[in-house]
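The structure appears below as structure tokens.
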Amino acid sequence: MSTRLSKGGRLIDRTAPQEFTFNGKRLRGYRGDTLAAALLANDQMLVGRSFKYHRPRGIVASGAEEPNALVNMGEGGRFEPNQRTTTTELFDGLTCTSQNHWPSLEFDVGVVNNYAARFLPAGFYYKTFIHPRFAWKHVFEPVVRQSAGLGKVPKERDADRYEQAYAFCDILVVGGGIAGLQAALTAGRAGKRVWLVEQTAHWGGRAVVDGAEIDGQPAEAWVKSALQALEGMANVTIRSRCMAAGSYDHGYVLCDEKVADHTPGDGRPRHRLWRLRAGQIIAATGAIERPLSFAGNDIPGVMLASAVRDYVINWAVAPGDRTVVVTNNDDAYRTAIALKEAGLEVPVILDARASVTGDLPARARAMGIRVEAGRAIAKVKGGKRVTGVAICAQAGQGAVLEEIACDAVAMSGGWSPVVHLWSHCGGKLKWDDAQAQFTPDKARPPLNHDGSALVQTAGCASGVLATAEVLADATEAAGGGAVPAANGPAEAALEPIWVMPQGAPVQLRMKMWLDYQNDVKVSDVQLAAREGYTSVEHTKRYTTLGMATDQGKLSNINGLAVLADSLSSPIPQVGTTTFRPPYTPVTIGALAGEARGEIFQPLRRSPMHDWHLAQNAYMEPVGLWQRPYCYPRPGETHEQAVHREVRNTRSNVGLLDASTLGKIIVKGPDAGRFLDMLYTNVMSNLAIGKCRYGLMCNEQGFLSDDGVVARIDEDTWLCHTTSGGSDRIHAWMEDWLQCEWWDWQVYTANVTEQFAQIAVVGPNARKVLEKLGGMDVSKEALPFMTWADGVLGGFRVRAYRISFSGELSYEIAVPASEGRAFWDALVAVGAEFGMMPYGTEGLHVLRAEKGFIMIGDETDGTVIPQDLNLGWAISKKKDDYLGKRGQERPYLASPDRWKLVGLETLDGSVIQDGAYAPAPGFNANGQRNTQGRVTSTYFSPTLNKGIAMGLVKGGLSRLGEVIEMTKLDGTTQQVRIVDPVFYDKEGEKQNV
Amino acid sequence: MSEVANIPVVSALGGASFDGFARVREIGPLGMITLRAKPEVKGLSAAIKAVTGTAMPKQRRIEVKGEKAAGWMSPDEYLLVLPYTDVKAALATLAEKLADQHHLAVDVSDARAVFRIEGDRASEVLSKLAPADLAALEKGELRRTRIAQVAGAFWQDETGFTVVCFRSVAGYVMGALSHSAQPGSELF
Amino acid sequence: MLILECPYCGVKAEETELSPGGEAHLKRFGPGSSDEDFENYMFARKNPKGVHFERWRHSYGCGKWFLAARCTATLEVFGTYPAQTTEPPADIIDKIKAKRPDWKGYK
């Protein structure tokens with residue numbers, strides 16, 4: 001059984017017991033434990049079930065590479081699935097549950113898949129669910145959905161707070177082992193701005209466990225003094241619990257700092273995502289031990305050798321009483337020695353190498369541990385727990401020589417450097433035959449903006465394992481300097497072992513797990529190879545090898561070695577799959593940062609925003625602006641409110657918050673010439689004090705924006721743009737001024753937000769303004785399409801006589817900080833004239849009744865002004881304007897173009913949004929031909945019937961014709977082509 | 001009423017404030033003028049001095065004198081900061097001094113919202129929102145950048161930062177600054 | 001995420017402070033131009049794996065458009081320069097030629 005040892009544990013504080021629950025069971029650990037350590041201390045070896053076969057799963061590793069021991073953490077607003085117990089710090093009150101089983105962890109119905117395993121081979125999904133077609137939707141998918149997925153989806157809103165922060169440094173060192181510490185010391189002493197991040201809560205990495213000697217002192221003491229030195233440097237920032245998730249272009253690195261995972265609810269942000277920008281990155285990210293592929297290597301109790309000694313030394317936890325060690329290298333002997341020193345039994349070390357030399361094996365033998373060379377595990381015995389191993393010769397086919405009872409197996413297949421940060425942004429790898437590992441090819445690093453190497457690796461990440469070499473490599477990566485002396489035992493070479501025993505028959509290979517979480521076995525990869533999957537990327541997807549939440553940290557190298565063997569190709573030729581960020585999963589909350597709730601996105605508010613809310617306005621987004629859609633009264637539907645607002649505007653007077661309208665000042669000796677290029681019509685000859693409607697097109701000739709231009713003085717114009725279009729149009733203007741006509745003397749300024757703009761609209765509009773008092777707003781003093789500065793009700797205003805409704809209309813601009821006061825003043829005097837506010841939907845209905853187009857409704861980026869019968873607004877005299885050449889393309893002059901018409905149903909009903917007009921026949925793709933579509937459709941309260949605008953082939957030449965238009969129910973209805981101006985065709989009402 | 005009345009001037013958020021590990025408060029409205037002109041324009045330096053009392057700012061600098069300031073926004077744009085009520089007269093001064101020169105001067109006082117972030121850890125609040133290296137920000141440097149999802153500009157003095165953004169997003173910026181200044185979320 | 005130094009204000013801006021604007025040094029063809037010239041101006045764009053000239057706007061900064069010469073494969077930046085140029089400056093051409101001897105030139 002796994003248990004807590006009575007002595008030792010360098011990371012635990014035995015005076016601080018912590019209570020936690022696992023599947024409702026109350027358990028105890030100590031401060032400093034990981035959840036995995038605490039579970040093992042309570043003999044909880046079985047912690048989950050695998051994804052496909054629901055096999056029992058135990059803890060394999062002691063760090064980020066753990067594929068099995070994932071749990072649902074927390075409850076309610078702090079519930080989060082798939083949390084790795086090996087990296088979760090224990091805290092008092094922690095609750096967690098195991099995943100992927102039903103009804104219980106101990107008894108799981110899904111395990112039936114295990115017995116059907118021979119019928120669930122690699123690519124099972126692709127092979128099985130294709131036929132019959134209907135079965136996927138009705139049979140397979142519902143069943144798969146029931147049993148698929150790890151963990152559960154959180155159901156409540158996340159209770160925690162997250163944030164992001166930007167930081168800058170010359171050198172970012174990732175990894176707090178001795179290589180990282182030495183690199184940071186070296187760079188720090190050179191005066192560089194240094195960041196050092198470590199993903200766990202502790203410093204020193206493997207060296208402090210493995211007992212190296214540095215500068216004549218134990219590694220642990222050296223680490224402590226190194227940390228002290230770094231803390232004393234003002235130019236060095238150090239962060240633990242901070243995982244470098246990915247490296248990107250030009251030194252951009254995302255680091256996920258787990259600020260308060262271990263202290264939930266203490267008021268601090270749970271995670272902080274650092275958006276670091278480093279001049280250079282040093283990846284001192286260490287190496288990960290590889291499992292060995294032998295039958296039954298997934299049974300709980302089989303663990304990585306390094307993890308076994310981590311548990312013993314760091315947390316005083318013995319994974320078993322009797323641990324068999326199986327290895328192809330010297331390093332695993334440290335585990336046997338550590339276990340023996342802790343008073344535990346090591347019945348045998350099985351070394352696959354034919355001859356065993358080296359200092360560490362000699363020490364093990366001297367301690368009385370039985371060492372068997374050239375031996376392998378034929379099979380691990382046990383179900384939910386290891387009970388013993390059957391031993392065979394590595395060279396043979398698995399004939400059992402001996403059975404040994406044990407309750408744990410420590411395995412080591414060698415080490416793989418953690419090259420993720422090197423590889424994320426393009427660093428290349430090379431195969432190192434001697435150590436059987438992919439290492440960074442330092443001749444082909446990822447590049448920085450200046451062509452220099454962006455990433456260096458240091459220590460084990462470079463592929464060096466001996467302490468002295470690690471420190472030398474780290475020093476060099478950081479620019480060179482003094483290297484501390486280090487001593488360690490000499491280690492003999494490992495021997496690559498990809499299958500154990502070498503000649504294992506299929507019955508054994510079917511029980512050799514590569515990917516524990518996704519249940520990919522040696523036999524699956526071999527099957528994929530036989531079926532023609534020669535690319536490692538294809539094999540990965542076909543077998544799901546390395547596609548689990550651990551992203552193949554344990555399985556990838558073993559898997560591709562098996563693939564290479566099956567293909568009879570050398571390993572470097574098969575290559576690796578692509579390393580992609582994040583290194584370990586980053587919670588979505590950290591990626592969202594502050595962008596949640598009220599500040600999810602920047603909502604733009606007009607100066608009258610609070611008034612609209614107080615009036616119970618129903619708000620709608622227009623770009624990022626919040627605008628009132630309508631102002632429903634108690635008992636009114638939105639539709640009823642819109643109709644009331646429209647009728648009242650036509651018969652009395654309406655008030656519209658038009659502040660969002662874009663306003664751009666264009667000034668200079670060449671401003672007129674510039675606007676003549678920008679607009680399709682002529683603006684340079686607009687008289688001072690006058691307004692003119694204008695159209696802007698892109699260079700292809702398609703309509704891009706419209707609005708009223710006012711001439712302010714001799715060399716100043718004010719251009720109104722659509723709401724939400726002001727930034728785009730301002731940028732468009734600047735683009736042409738800066739990049740094409742940079743010698744023209746023109747300045748622009750976007751003054752959209754300087755003004756609150758209020759439209760007073762309707763037959764009583766003038767009476768309202770006269771009541772307010774001040775400037776002359778009569779027809780004579782301020783005729784249609786003019787503007788004037790003046791004073792109204794004590795406010796400095798600029799009044800424009802422009803109309804988007806066909807009614808007598810004034811658009812009045814005041815400084816934004818006076819907008820609300822001016823609005824209130826209008827509301828106060830307007831009551832006696834029946835004034836009501838109206839919203840954007842009323843605005844749309846009013847303009848549609850007049851046949852005015854709306855950018856984005858009647859236009860979609862493929863419509864030229866001529867299609868909208870706006871030829872009158874296109875100058876024939878000008879040699880050039882933006883879009884003129886584009887509009888000269890022959891197909892845009894075709895009589896077959898869809899052009900703007902009015903549309904009415906024969907029975908007065910409203911045409912449905914998005915309706916199309918079908919035409920006889922079918923196109924080359926077998927789709928029905930069409931001859932038009934609706935672009936705007938409303939019920940007109942003024943005319944008491946449905947009205948619409950649309951684009952129809954042939955346009956107004958077909959006036960009076962009846963065509964069919966589609967309905968959502970699949971039927972069609974008859975629609976008559978009419979004049980798009982439905983109301984006040986002569987335009988008398990706006991010009992009074 | 002044909003006379004101009006004394007209309008109370010309201011800033012975007014009415015002087016909202018938040019006390020976290022740094023103090024965030026909306027100030028203003030300040031008088032602000034966007035002045036576009038090339039630096040070599042004759043009389044530009046004198047015109048700026050006449051309005052703000054400061055020297056003409058060099059690239060990325062802001063010259064501050066009491067309540068007034070002149071900032072470099074781009075090679076042909078300056079931000080003039082002054083008391084709100086002085087803007088009208090300042091525009092007249094600029095028009096007079098630059099009468100014969102191609103330039104553009106517009107009142108943008110109402111188009112902006114202005115915040116102060118104060119306290120020893122003021123820079124940590126901005127570090128969470130702006131992709132700018134604040135440790136490298138010099139005193140008197142005007143940095144235009146992104147503040148979370150919107151455009152903004154700031155400069156630093158002895159007691160903290162002055163932050164300028166567009167008026168319509170004042171609520172958003174206040175929310176982002178407050179979130180970033182939450183007690184317990186100190187960075188260092 | 002790239003860093004490009006704005007040649008107008010000197011800020012080393014990260015990509016989120018910038019807006020991309022496509023290929024640089026395009027020549028506008030307006031009314032009277034041939035169909036071929038107009039088509040090339042409007043639609044034909046280079047997409048090299050290697051040296052490329054691009055338009056960028058410092059949109060969250062000084063608002064100015066500038067041009068950048070960089071390698072699309074390695075992300076190496078050879079230089080940034082003002083938009084008021086019709087072809088890449090000689091010093092940047094020299095720098096590219098020194099680093100990419102096989103480069104065929106910008107045309």
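Proteins get letters first, then strands, A, B, ... in listed order; numbering begins at 1 in each. These numbers come from a predicted model, not from an experiment.
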- Note on the structure: Distance col, row A/Glu598:CD vs B/Ser178:OG, nearest 0.5 angstrom, shows 11.5 Å
- Query: So what's closer than 4.5 Å to chain B heavy atoms on A/Ala749: side chain, backbone, both or neither?
  - Reply: both
- Item | Under 4.5 Å from any heavy atom of chain B - which part of A/Arg820 | neither
- Note on the structure: Filtered by a 4.5 Å non-hydrogen cutoff, the part of residues 18-48 of chain B contacting chain A is B/Arg36, B/Ala37, B/Lys38
- Query: For B/Asn6, is it the side chain, the backbone, both or neither that has a heavy atom under 4.5 Å from a heavy atom of chain A?
  - Reply: neither
- Would you find a donor on one side and an acceptor on the other, under 3.5 Å apart, between the side chain of A/Glu818 and the backbone of B/Ile7? no
- Message: Heavy-atom cut-off 4.5 Å, strictly under: side chain, backbone, both or neither for A/Arg275 against chain B?
- Response: side chain
- Spatial distance of atom CD1 (A/Ile599) from atom CG (B/Leu129) [nearest 0.5 Å]: 8.0 Å
- Report the C-alpha separation of B/His179 and A/Tyr162 in whole Å, then their side-chain angles, then the decisive distance to 0.1 Å, and conclude whether the side-chain contact (heavy atoms from CB on, under 4.5 Å) test is met. CA-CA 9 Å; B/His179 180 276; A/Tyr162 300 84; over 6 Å; no
- Look at the side chain of B/His102 and the backbone N and O of A/Pro669, then say whether any donor-acceptor pair between them is shorter than 3.5 Å. no
- Check: A/Phe600 main-chain N/O paired with B/Gln149 side-chain donor or acceptor under 3.5 Å: yes
- Message: Looking at B/Ala111, is its backbone amide N or carbonyl O close enough to the side chain of A/Gln754 to form a donor-acceptor pair, meaning the two atoms are under 3.5 Å apart?
- Response: yes
- Item | Region of A/Val259 that comes under 4.5 Å of a non-hydrogen atom in chain B | neither
- Roughly how far apart are A/Glu753 CD and B/Cys165 SG, rounded to 0.5 Å? 8.5 Å
- In Å, rounded to the nearest 0.5 Å, how long is the span from OG of B/Ser168 to NE2 of A/His609? 11.0 Å
- Item | Between CD on residue A/Glu163 and OG on residue B/Ser127, distance to nearest 0.5 Å | 10.5 Å
